[in-house]
Structure formats: C-alpha cells, structure tokens
2 protein chains.
Amino acid sequence: MIALDYRDKRPIYEQIVEKLEKLIVCGALESNTRMPSVRSLAMELSVNPNTIQRAYAQLEQDGYLYTIVGRGNYVTCEAEWKKGRVQTVLKEFTEVLTKARETRVPRGELMALFDRIYPEKEGENT
Amino acid sequence: MIALDYRDKRPIYEQIVEKLEKLIVCGALESNTRMPSVRSLAMELSVNPNTIQRAYAQLEQDGYLYTIVGRGNYVTCEAEWKKGRVQTVLKEFTEVLTKARETRVPRGELMALFDRIYPEKEGENT
DNA sequence: TTGAGTGTATTAAGAGAATTAATACACTTT
DNA sequence: AAAGTGTATTAATTCTCTTAATACACTCAA
C-alpha cells in the first residue's frame with residue numbers, strides 16, 4: 001500500500017499520514033473504504049502498531065478517517081474531509097489577518113497581495 | 001531590567017527575547033539606546049553569556065537590534081523595526097493565501113473574512 | 001459464550017534535537 | 001597594553017519527541 005523511506009528525517013508516523021492523505025485526496029482510497037487494521041498495516045511496514053495508531057489518530061483529527069471501535073478505520077466521505085481542509089485554511093487566514101491588524105499593516109498592502117495571488121476571474125463560482 | 005520565570009517551560013533565551021521585544025515595541029527602550037553588554041546582562045540574570053548572546057542574535061535577526069563588534073548592541077531605529085514587523089506578516093499572509101488557493105477555497109469566503117476583520121473605514125490612510 | 005479480530009490506553013525505553021555552559025578568540029577604545 | 005565588547009567552537013546536559021511493550025475494551029461470528 002505504501003512504502004517508508006528510512007533516509008527521511010521525519011518521523012515514521014508523519015510519513016504514513018502524508019502518504020495516506022495523498023491517497024485519499026487523489027481518490028485512490030474512496031469514501032467509506034475500510035483501512036487496513038492497525039496491526040496488519042504495522043506488520044506490513046515492520047513497525048509497531050502504536051505508530052500506525054498514531055498516524056490514524058492524526059488522520060482522524062484532520063477529518064480524513066472515522067473510527068468504529070472493534071471494527072476498524074474508514075475513509076470519511078469526500079464532502080466532509082474537503083470541508084475540513086477549507087476550514088483549516090480559513091482559521092489560519094483569520095489568525096494572520098488578526099495579527100496583521102494588530103501590527104497596523106495598511107489595508108491596501110494586503111488588498112494588493114490578495115488581488116495578485118487570488119486574481120478575480122469573470123464568471124467564476126462564488 | 002527584566003526578570004526570568006523559572007516555572008515557564010520555554011527556554012530562557014526565548015523569554016529574554018520576548019521581554020526585550022516588548023520593551024522596544026512599547027517604547028521603553030528608545031532607538032539607538034545601547035543595550036547592556038552580553039556579560040553584564042548574563043551576570044544580572046545569573047545566566048551564561050551565550051544565552052544572552054543567543055537572545056541578542058535573535059533580536060538582531062528580527063530587526064530590533066544592530067551590533068557593532070567590540071562596542072555593543074543597540075536598538076534599531078523605530079521605522080526600521082516597524083518595517084520588519086510588517087514584512088514578516090506580509091510573508092505569512094502570502095503563504096496562507098497560496099495555500100488557500102491550492103485548497104480551492106472560494107474567493108468569496110476569504111473576501112468575507114477579510115471585510116469582517118479589516119473593515120474599510122472612510123477617510124483612512126492607504 | 002468464547003475466541004479471534006479490532007481499536008485504545010498506559011507506561012517506559014531510546015534517540016535526537018534543543019538548550020545551556022565552558023572556553024578561547026577577535027575587535028575597539030582608552 | 002589592558003579592560004571591555006561581541007563571536008566562534010565545542011561539549012555537556014536536559015528534555016521532548018518518537019517508538020515500543022503490554023494490557024485493556026469492544027465487536028462479531030462460530
């Protein structure tokens with residue numbers, strides 16, 4: 001299902017989270033698909049079950065999985081995890097904007113950046 | 001000049017950076033004021049000189065201090081450190097906005113947040 | 001009901017980065 | 001030249017993060 005890179009400095013669970021997230025986002029793992037069990041994936045990757053558990057917990061936190069105790073982990077429906085992604089970004093956006101206001105950054109400078117990065121196109125959805 | 005809190009989990013140098021930054025931002029330490037020497041402040045706080053050195057280096061990095069080797073550390077002029085603060089925020093703003101675009105967050109949602117947090121007032125400077 | 005499967009919680013060991021310290025060097029001024 | 005200043009290097013230490021070991025709790029099917 002996935003392969004680990006031991007030259008990678010980052011922790012194992014983080015690599016797993018990243019790869020599974022990609023699989024979900026790109027559609028390779030469809031909604032309500034059952035994920036491999038904590039133990040089986042741990043076996044497959046030659047890793048401690050807790051490491052997988054941690055990765056799954058993170059993915060659940062991020063809205064990509066849901067858990068049924070005693071049964072397994074499942075992929076959240078697409079609309080839901082997409083909503084989660086948007087909300088995460090909106091929260092970050094709010095924080096930066098608040099900080100900008102406190103720093104008295106002129107509104108115009110922000111507007112200029114906004115228009116440059118997010119150009120307004122004709123006939124675009126909301 | 002400042003006091004340390006040993007119950008605080010954060011590293012000492014970070015506490016020092018934060019407190020000195022506040023003193024500069026609030027105007028208690030004026031532009032071109034000479035800071036205490038690395039050794040004297042270390043003595044005063046019963047801390048290793050390298051710890052102070054590190055704090056000063058950070059403050060220099062952030063644009064609050066400038067150094068003259070053999071002479072001492074001095075507070076940057078106000079216009080300059082203010083400019084640094086603004087640029088830091090603008091960079092963060094750019095990053096979040098780029099991420100938002102990648103996530104396909106609708107432009108309208110960002111605009112709405114923007115207008116709410118940064119209300120446009122009549123007769124305001126740029 | 002029991003056994004094999006599942007996720008969960010707790011505790012501890014290990015590794016590695018971050019922090020701080022010790023010490024020597026280089027520059028400026030008097 | 002001496003006393004004060006910042007700087008660089010190296011090492012010891014602390015501490016968080018990561019991973020592992022192990023026991024517990026729930027679900028389902030035989």
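Each chain gets a letter, A, B and so on, in the order the sequences are listed, and its residues count up from 1.
- The separation between B:R71 atom CZ and C:dC27 atom P is 17 Å, rounded to whole Å.
- When the options A:Y56, A:Y66, A:Y64, A:W81 are evaluated for a ring-ring contact (aromatic ring centres under 6.0 Å, His included) with A:Y74, the one that passes is A:Y66.
- If you check D:dA20, D:dT7, C:dA21 against the side chain of A:V47, the one that comes closest is D:dA20.
- Listed candidates were D:dT18, C:dT8, D:dG6. Nearest to the side chain of B:S37 is D:dG6.
- Atom C1' of nucleotide D:dT7 and atom CD of B:Q61 are separated by 16 Å, given to the nearest angstrom.
- Rounded to a whole Å, the CD1 atom of B:I68 is 15 Å from the C1' atom of D:dT7.
- Within the structure, a side-chain polar atom (N or O) of A:T51 is placed less than 4.0 Å from OP1 or OP2 of D:dA20.
- For the pair A:N73 and B:P11, both in contact range of DNA chain C, the more 5′-proximal nearest nucleotide belongs to A:N73.
- One finds no salt bridge joining B:R85 and A:E102 here, because no Lys/Arg side-chain nitrogen approaches an Asp/Glu carboxylate oxygen to under 4.0 Å.
- Rounded to an integer number of Å, the gap from CZ of A:R54 to P of D:dA21 is 17 Å.
- B:I16 has its CD1 atom 12 Å from the C1' atom of C:dT19, to the nearest Å.
- Here A:R10 lies out of heavy-atom contact (under 4.0 Å) with every strand.
- Between A:F93 and B:F93, the ring planes lie tilted relative to each other; the angle falls in the 30° to 60° range.
- With rounding to whole Å, B:M43 atom CE is found 10 Å from D:dT5 atom P.
- Rounded to an integer number of Å, the gap from B:M35 CE to D:dT5 C1' is 15 Å.
- More than 12 heavy atoms of other residues, nucleotides or ligands sit less than 6.0 Å from atom CD of B:E44.
- The side chain of A:N50 lies closest to D:dT22 when the candidates are C:dT20, D:dT22, D:dT7.
- Rounding to whole angstrom units, OH of residue B:Y66 and P of D:dT7 are separated by 14 Å.
- For A:T67 and C:dG7, the shortest distance from a side-chain N or O to OP1 or OP2 is not below 4.0 Å.
- Between the side chain of A:R39 and the base of C:dG7 there is at least one donor-acceptor pair of N/O atoms closer than 3.5 Å.
- OP1 or OP2 of C:dT19 has at least one side-chain nitrogen or oxygen of B:Y13 nearer than 4.0 Å.
- A:Q53 has no side-chain polar atom (N or O) that falls below the 4.0 Å cut-off from OP1 or OP2 of C:dG7.
- Atom CZ of B:R104 sits in a sparse spot, with 12 or fewer heavy atoms from other residues, nucleotides or ligands closer than 6.0 Å.
- The nucleotide whose nearest atom lies closest to any side-chain atom of A:N48 is, among D:dT18, D:dA20, D:dC26, D:dA20.
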